[in-house]
Amino acid sequence: MLYIGIDLGTSAVKLLLMNSEGKIERVVSKEYPLYFPNPGWSEQEPKDWMDGVMTGLKELLADCDKSQVAGISFGGQMHGLVTLDENDEVIRPAILWNDGRSAKETDYLNTVIGKDKLSEYTANIAFAGFTAPKILWMKNNEPEKFARIKKIMLPKDYIAYRLSGAFCTDVSDASGMLLMDVKHKCWSEQMLQICGITKEQLPKIYESFEAVGCVKPEIAAQLGISETVKVAAGAGDNAAAAVGTGTVGEGGCTISLGTSGTVFISSKTFGVDENNALHAFAHADGGYHLMGCMLSAASCNKWWMDEILKTKEYAAEQKDITKLGENHVYFLPYLMGERSPHNDPKARGVFFGMSMDTTREDMTQAVLEGVAFALRDSVEVARSLGIQITSSKICGGGAKSSLWKTIIANVMNIRLDIVETEEGPGYGGAMLAAVACGEFESVQAAADKLVHVIGSVEPTPELVEAYEKRYQEFKRIYPTVKGLFAEFA
C-alpha cells in the first residue's frame, strides 16, 4: 500500500509518497507566500496552503497506482490561529507561530492569570507564539471578527478539514495552543473561559495515529483515489519529525534544524519542567515529550545568505570555515524574538565582537555557532532536570550541512545520529497514516521497522573544550543586552 505524508511548513508544503516498506517513492514541494504586514507580525492565507496541497497531491500521484493509496496524514507548523465563520469561510489571514503581536496578551496571561495557574491548567506558560494569546489579541483588537468565529483550528487541521470534513486536531499540536490540559489530553475549561471561547468552537481531539475519517468524495474524484482513503489526525511538525526519526518511547532525543530549531525529548510519562523553560506536550506516539524551541534556526542562515550576502551558494560559503572553536565573533539568533528559554518576543539578532580583521567566513561561522549555542540552552535545562542526553538524532534542512552538524555535536558534547530518511515531518506523517490504516500496530512498531541510522557525528575532546569556553561567553551576552531590546522595541 501507499501512504501520503503532508508537511505543511512555513515557506512551503512538502508532500511525500511512502510504500509499506518505508521507501519514499516521490517528493513534491510547493511554495507559498509569507506576509509581514507589521513589524513582528507573520501571516499566511489558508487558501494558499490548500492550493499548494491539492496541486502537490495531483503531481505526487500522477504516475503511481492510485488504487494503492490507503492513507494520508500530516506534520504541520504549530500554534497558528485559523478561524472560520458559520459559512466555513476563513475570517482573517492565519496568525503564525512566529508572530509576536500578542506580547501584551502573553504578559496578561503570565502575570495576571499567573504562570502557576497556566501550568496547572495546561502544563505550560504563555508564549507569544502560542494560540491562546492570539485568540485574546483578536478578541481585543478585532472584536467584530472575533464575534464571527464558529471554528478555531490549527494550520494542518484546516487541511484535514478540507480533505475529510472532520473538525479535528491531535494531542501533540493541541498541546501548543495553551488551551489543552496536556496531562489529561482534554480541553481546559479554565482556559476556554479566560479566552472567551466555547468547547463547540474547538475541534475534537484525537491521538496522532487515529483516523478521523476518509477523504471527501469530491476530493477523491479530483485526485483519482478511492473514497476509502483514510485521513489520520497527524501531528505538530516537531512531533511528526520525531516520529520520522524514530524518537519515540522513553528517552529519545531529536534536534531539528528547520525554520525554527528544537530539542525534542520523548517520554512514556507526563512531566513538567518546574520553571516552564521547556514545553511539556503530548507526543504523537501516545506518550509525552519535553521540547525546547527557538524561533529562528536554519532561517538565520537563510537570512544571512539570501538577504545579506545575496547568494544561494550555501555550501560554498561554508567550505573555507576551518577554525572551529576559535571564532571571536558571536551572534544572538533572535531574529523573530525567542521562546526557550528566554520567552522574550522583543529579543532581536545581534552580532558581537567584530573587529577590523573580521572576515565574511567569521560572520557566517558565528551564525551557525549562535544557533548551536541557543539550542544548547534548552539542552542545559533538560540536564538540570536530571535528563542525560548523550546522543540525538538530527533532522531539518540545516542538518544537510556537515559543518553545522560538527559544530552542534561539539557545542553540546553529544553524538549526532543521522537517519536514512531526511524528510522528518512528512515521513512521520506518512508513518502515522500507515499506523491508522493498520499497517503497523503502533508508532513504536513503525519506527522500529522503518527508521534506520546510517551515520554519526562524534564530538572531539579538543573542540568540546574550546566550545565550552565560547558557550559560557555566549551565555553572558543576552542578559547584558536584554534591557535594550525592551527599550528599543
Side-chain angles (χ1 to χ4, degrees), residues 4-15 28-38 41-58 72-99 101-102 129-135 137-139 141-142 144-170 173-174 176-177 179 197 201-204 212-213 215-216 218-219 222-223 231 233-237 240 259-260 425-426 429:
I4 297 169
I6 299 176
D7 174 12
L8 189 74
T10 311
S11 57
V13 60
K14 188 179 285 188
L15 309 98
V28 170
S29 183
K30 297 295 176 183
E31 294 186 352
Y32 33 66
L34 184 63
Y35 302 101
F36 304 103
N38 288 299
W41 290 28
S42 181
E43 297 181 348
Q44 282 178 327
E45 293 286 353
K47 180 182 182 298
D48 293 339
W49 300 333
M50 195 59 197
D51 288 347
V53 166
M54 290 303 294
T55 303
L57 283 172
K58 291 173 183 175
I72 301 172
S73 193
F74 317 89
Q77 51 166 297
M78 296 179 69
H79 315 304
L81 175 62
V82 182
T83 53
L84 304 187
D85 64 17
E86 61 182 4
N87 299 314
D88 274 355
E89 296 294 330
V90 174
I91 294 172
R92 67 164 339 279
I95 306 175
L96 302 189
W97 59 274
N98 57 354
D99 186 286
R101 77 183 69 184
S102 62
F130 282 6
T131 316
K134 297 181 176 74
I135 293 171
W137 181 90
M138 195 171 170
K139 181 180 179 182
N141 295 275
E142 298 176 341
E144 293 181 0
K145 292 178 180 177
F146 179 83
R148 291 168 51 203
I149 295 175
K150 188 73 173 179
K151 294 183 177 73
I152 294 170
M153 57 184 72
L154 294 158
K156 76 166 189 346
D157 302 329
Y158 176 79
I159 304 303
Y161 184 57
R162 292 301 185 204
L163 292 179
S164 70
F167 184 32
C168 62
T169 191
D170 84 285
D173 215 357
M177 297 180 79
L179 296 173
I197 58 176
Q201 291 172 294
L202 293 172
K204 181 179 177 180
V212 300
V215 292
K216 294 191 288 190
E218 58 268 33
I219 296 293
Q222 288 182 55
L223 299 177
V231 177
D237 51 6
T259 301
S260 61

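Remember, it's a predicted structure, so these values are computed and weren't measured experimentally.
- Contact check for Thr83 versus Val90: no side-chain heavy atoms found under the 4.5 Å cut-off.
- By the side chain to side chain donor-acceptor pair (under 3.5 Å) test, Lys58 is found to be paired with no residue, residues two or more places apart in sequence or in another chain being considered.
- Remark: Glu89 pairs with Asp85, Asn87 by the side chain to side chain contact (heavy atoms under 4.5 Å, CB included) rule, at least two apart or across chains.
- Here the shortest heavy-atom pairing between Leu57 and Leu163 reads CD1-CD2, 4.5 Å.
- The ring-ring contact (aromatic ring centres under 6.0 Å, His included) test applied to Phe130 returns His79, Phe127, His279, not counting sequence neighbours.
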- Query: Is there a side chain to side chain contact (heavy atoms under 4.5 Å, CB included) between Lys150 and Leu84 once you walk through the steps?
  - Reply: CA-CA 6 Å; Lys150 188 73 173 179; Leu84 304 187; 5.7 Å; no

- Task: Give the intermediate values and the outcome of side chain to side chain contact (heavy atoms under 4.5 Å, CB included) for residues Val13 and Ile159.
- Result: CA-CA 11 Å; Val13 60; Ile159 304 303; over 6 Å; no

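- Crowding of Glu218 atom CD: a count of heavy atoms from other residues, nucleotides or ligands under 6.0 Å exceeding 12.
- For the side chain to side chain donor-acceptor pair (under 3.5 Å) test, no residue two or more places apart in sequence or in another chain qualifies with Lys139.
- Partners of Ser102 by side chain to side chain donor-acceptor pair (under 3.5 Å), not counting sequence neighbours: none found.
- In terms of heavy atoms, Ala233 sits closest to Asp157 at O-OD1, 4.5 Å.
- Checking side-chain atoms of Gln44 against main-chain N and O of Pro33 turns up a donor-acceptor pair under 3.5 Å.
- Surrounding NZ of Lys216 are more than 12 heavy atoms belonging to other residues, nucleotides or ligands, all under 6.0 Å away.
- Under the 3.5 Å distance criterion, the side-chain polar atoms of Glu86 are left unmatched by any main-chain donor or acceptor of Arg148.
- Among all heavy-atom pairs drawn from Tyr158 and Met153, the shortest one is CA-SD, 3.4 Å.
- The local environment of CD in Glu31 is sparse, with at most 12 non-hydrogen atoms from other residues, nucleotides or ligands closer than 6.0 Å.
- Side-chain contact check for Thr169 versus Lys156: some heavy-atom pair is nearer than 4.5 Å.
- Judged as a salt bridge (charged side-chain N to carboxylate O under 4.0 Å, His left out), and not counting sequence neighbours, Lys204 has no contacts.
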Donor-acceptor contacts, no H, no angles, side chain residues 4-12, under 3.5 Å, sequence neighbours left out:
{"unit_1": "Thr10", "atom_1": "OG1", "unit_2": "Trp97", "atom_2": "NE1", "d": "2.8"}

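- Every residue meeting the side chain to side chain contact (heavy atoms under 4.5 Å, CB included) condition with Glu142, not counting sequence neighbours, appears here in chain and number order: Arg92, Trp137, Met138, Lys145.
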- Message: Applying side chain to side chain contact (heavy atoms under 4.5 Å, CB included) to Val212 and Asp170, what does each step give before you reach the verdict?
- Response: CA-CA 10 Å; Val212 300; Asp170 84 285; over 6 Å; no

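- Listed by chain and number, the residues in a side chain to side chain donor-acceptor pair (under 3.5 Å) with Ser42 are Asn98 (sequence neighbours excluded).
- Residues Gly80 and Leu154 come closest through the heavy atom pair O-CD2, 3.4 Å.
- Shown here are the salt bridge (charged side-chain N to carboxylate O under 4.0 Å, His left out) partners of Arg101, two or more places apart in sequence or in another chain: Glu43, Asp99.
- Residues passing the salt bridge (charged side-chain N to carboxylate O under 4.0 Å, His left out) test with Asp237, sequence neighbours excluded: none.
- Applying the salt bridge (charged side-chain N to carboxylate O under 4.0 Å, His left out) criterion to Lys151, with sequence neighbours excluded, gives Asp88.
- Nearest heavy-atom pair across Ala240 and Ala235 is N-CB, 3.8 Å.
- The two residues Leu15 and Gly56 come nearest to each other via the heavy atoms CD1-CA, 3.7 Å.
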- Message: The test is side chain to side chain contact (heavy atoms under 4.5 Å, CB included); show your working for Trp49 and Met54 and say whether it passes.
- Response: CA-CA 9 Å; Trp49 300 333; Met54 290 303 294; over 6 Å; no

